[in-house]
Asks: 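Take this structure first; my questions come after.
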Number of protein chains: 2
Amino acid sequence: MKQSYTTPDVSVDIVLLTLDEGLLKVALHQRDRAPAKHSLALPGGYVHVGEDASLEATAKRVLLEKTGFAPRYLEQLRTFGGPARDPRGWSVAVSHVALIPHAELSAAGAGVFQFYDVDDLPELAFDHAEQVEEAVQRVRNKASYSTLPCWLLPESFTLTQLQTIYEQIFGEAVSRGTFRSRLGIKVAELQPGDAADEADILIATDEFQGGNQRPARLFKVNRLSLFKRAFW
Amino acid sequence: MKQSYTTPDVSVDIVLLTLDEGLLKVALHQRDRAPAKHSLALPGGYVHVGEDASLEATAKRVLLEKTGFAPRYLEQLRTFGGPARDPRGWSVAVSHVALIPHAELSAAGAGVFQFYDVDDLPELAFDHAEQVEEAVQRVRNKASYSTLPCWLLPESFTLTQLQTIYEQIFGEAVSRGTFRSRLGIKVAELQPGDAADEADILIATDEFQGGNQRPARLFKVNRLSLFKRAFW
DNA sequence: CCAATAGTGTCTCTCAGACAGTATAAG
DNA sequence: CTTATACTGTCTGAGAGACACTATTGG
């Protein structure tokens, strides 16, 4: 881990978020070596020049090695750089946001990582608090005008589950009719197979989720789509 | 310019955009050394570890040294990295978008840089074409729901100038009334001094721009504000 | 007077959102 | 039957956008 004198070191950090009990939570672990030994920190690592095909590939590899997860959603957040963020000198961290549904977590655990409420964070190593704050801001903002929250759910989900996610993120309720017309969905008009809604947002599956009531159709998300009008 | 075997080199690139004759144009220069000698390229450079306080500071310094400009607007775009983008090996480029009003350009020139229509680009060095494409997409998208286009104008501008900028970016006309009500502006209700509109978007100055017609009030932009509803 | 651009009030028509109604399951 | 949740049609009020009207300068 030699420090060059002429070019900063490059690492990749990941803000891995999930929604648990209605709260956004972030994966953190306690560092077991200097610098910032014993402090809580984000998962992160260095580019493997011989192995990684891109920065995104580095992020996926680091996440898999450290937490055992492939995220449902991954995007670059912002690159942090400066002389003071790491005591070893001028450094650069390419920060990413990743989302994972809570259901996958409970099944597998997350290694040495634990999840902390992003609105009630302990002290973090380096500039990781700043990274979490920006990531949360990005996710909350993007959730208000896009299908981003779909990636906090399993691959298939009901419209009611999706509405609940939105309401948890924004802490405000909407009537079912309003929510559905915003998405441009008319469930009854859908062909059972692969038919999509008009705006190409969701894909209807031919599966239903039962219970002791009328079964709800399951949907998958097509791609990240942006709304013309913000939700909240 | 030695290449380390264990950590990629980090550079900072800037996509400097302006609006000229109704077209978005990007600053490019012809490289005078290998690799990609004689190819057109974006302004860019390396972090000066002893000098730069942040990546943004690096971008500003590089821009000033190479083009002579301090941009009106600067934000990080995305960081590009991989083994193939530079023939010298695994490299990382922190890409930025910068905006400058055309009026400042004509006054000072831009050194060895010339401006090219982003919708009719020649072949570019490295992955610079990809960087320009993403930057333009970001600017066009952000322009549709924010005050970003204000930074393509001088510090003070009339509402008609602002409307013209929006119409040039989107290639579609709107009536004056519609445009003004979108911004939530009622010019007459403004106190001549520093009064702002309701949404805190623009600041009214007490200056007017004459001509052989009714003079138009000059405005300044307060900060980057996002609209709840997209313009186009 | 006219020309030219700045700024505003009005009218219409669409669409968001509340609400109440129907549909389908289990017990 | 009741209960519980899924889904949809209707009605109303707010707001976007077209258009025409007034305001203020120069010639």
Side-chain angles (χ1 to χ4, degrees), chain A residues 144-145 153 156-167 170-192 195-199 201-220 226-232, chain B residues 144-145 153 156-167 170-192 195-199 201-220 226-232:
Chain A
S144 72
Y145 64 88
L153 286 169
S156 296
F157 48 84
T158 67
L159 292 180
T160 302
Q161 285 171 345
L162 184 58
Q163 182 173 349
T164 304
I165 293 278
Y166 273 97
E167 290 176 345
F170 295 104
E172 206 175 329
V174 201
S175 80
R176 266 203 313 282
T178 301
F179 184 77
R180 283 154 142 88
S181 69
R182 276 292 189 92
L183 293 176
I185 301 260
K186 286 283 167 59
V187 178
E189 295 170 10
L190 294 170
Q191 298 305 316
D197 64 301
E198 180 151 355
I201 293 174
L202 296 181
I203 299 175
T205 71
D206 52 358
E207 292 181 286
F208 289 81
Q209 179 175 292
N212 53 338
Q213 75 284 346
R214 175 172 171 175
R217 189 184 281 275
L218 288 169
F219 290 84
K220 298 188 182 194
L226 309 180
F227 307 144
K228 287 211 69 157
R229 195 189 183 114
F231 244 94
W232 269 275
Chain B
S144 71
Y145 63 87
L153 286 169
S156 296
F157 49 84
T158 67
L159 291 180
T160 301
Q161 285 172 344
L162 184 59
Q163 182 173 351
T164 304
I165 292 280
Y166 273 98
E167 289 176 347
F170 295 104
E172 207 176 328
V174 200
S175 80
R176 265 202 315 282
T178 300
F179 184 77
R180 283 155 143 87
S181 69
R182 275 293 188 94
L183 293 176
I185 300 259
K186 287 282 167 59
V187 178
E189 295 170 11
L190 295 170
Q191 297 306 316
D197 64 302
E198 181 153 353
I201 293 175
L202 297 181
I203 299 176
T205 72
D206 51 358
E207 291 180 287
F208 288 82
Q209 178 175 294
N212 53 339
Q213 74 283 348
R214 175 171 174 176
R217 188 184 282 274
L218 289 169
F219 291 83
K220 298 187 181 195
L226 310 180
F227 306 143
K228 287 212 69 158
R229 197 189 181 112
F231 244 95
W232 268 274

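Computed from heavy atoms alone, side chains included, the values below leave out hydrogens, waters and symmetry copies. Labels below follow one simple rule: chain letters A, B, ... track the order of the sequence lines, proteins then strands, and each chain is numbered from 1.
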Asks: Answer whether the closest heavy-atom distance between the side chains of B:Leu183 and B:Phe227 falls below 4.5 Å.
Replies: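 Result yes, sub-4.5 Å side-chain heavy-atom pair found.
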
Asks: Quick one: CG on A:Leu218 to CD1 on A:Ile203, what's the gap to the nearest 0.5 Å?
Replies: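 Rounded to the nearest 0.5 Å, the CG-CD1 separation comes out at 13.5 Å.
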
Asks: Strictly under 4.0 angstrom, non-hydrogen atoms only: write out the protein contact profile of nucleotides 21-27 of chain D, one letter per nucleotide from the 5' end, B, S or -.
Replies: --BBBS-

Asks: Quick one: do A:Phe231 and A:Phe170 satisfy ring pair (Phe, Tyr, Trp, His ring centres under 6.0 Å)? Show the steps, please.
Replies: CA-CA 10 Å; A:Phe231 244 94; A:Phe170 295 104; 7.9 Å; no

Asks: Side chains of A:Phe219 and A:Leu153: closer than 4.5 Å at any heavy-atom pair?
Replies: no

Asks: Starting at CG of B:Leu218 and ending at C1' of C:dA6, how long is that distance when rounded to a whole Å?
Replies: 12 Å

Asks: Which whole-number value in Å describes the distance from B:Gln163 CD to D:dG17 C1'?
Replies: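 It works out to 12 Å between those atoms.
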
Asks: Once you round it to whole Å, what is the distance between C1' of C:dG7 and CZ of B:Phe208?
Replies: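 Roughly 11 Å, once rounded to whole Å.
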
Asks: Base, sugar-phosphate or nothing for B:Thr158? Non-hydrogen atoms, less than 4.0 Å.
Replies: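 It contacts nothing in the nucleic acid.
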
Asks: Measure the distance from CZ on B:Phe179 to P on C:dT8 and round it to the nearest whole Å.
Replies: 14 Å

Asks: Measuring from atom CD1 of B:Ile165 to atom OG1 of B:Thr160, what distance do you get when rounded to the nearest 0.5 angstrom?
Replies: 12.0 Å

Asks: So, taking the atom named CZ in B:Arg182 and the one named CD in B:Gln163, what distance separates them when rounded to the nearest 0.5 Å?
Replies: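 Atom-to-atom, B:Arg182:CZ and B:Gln163:CD are 11.5 Å apart.
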
Asks: If I take atom OG from residue A:Ser156 and atom CZ from residue A:Arg217, how far apart are they, to the nearest 0.5 angstrom?
Replies: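 Output value for this atom pair is 12.0 Å.
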
Asks: Can you check nucleotides 16-18 of chain C for protein contacts, nitrogen or oxygen pairs under 3.5 Å, and list what you find?
Replies:
residue: C:dG17; atom: OP1; partner: A:Arg182; partner atom: NH2; Å: 3.2
residue: C:dG17; atom: OP2; partner: A:Arg182; partner atom: NE; Å: 2.8
residue: C:dG17; atom: OP2; partner: A:Arg182; partner atom: NH2; Å: 2.8
residue: C:dA18; atom: OP2; partner: A:Thr178; partner atom: OG1; Å: 3.4

Asks: A:Arg180 has an atom CZ; how far is it from atom C1' of C:dA20, in whole Å?
Replies: 15 Å

Asks: B:Leu183 has an atom CG; how far is it from atom C1' of C:dA6, in whole Å?
Replies: 15 Å

Asks: Atom CZ of A:Phe157 and atom CG of A:Leu202: how far apart are they, to the nearest 0.5 Å?
Replies: 5.5 Å

Asks: Check the distance between C:dA4's C1' and B:Gln209's CD and give it to me in whole angstrom.
Replies: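 So the two atoms are 14 Å apart, to the nearest Å.
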
Asks: Which heavy-atom pair separates B:Glu167 from B:Val174 by the least distance, and what is that distance?
Replies: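 The pair with the smallest heavy-atom distance is OE2-N, 3.1 Å.
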
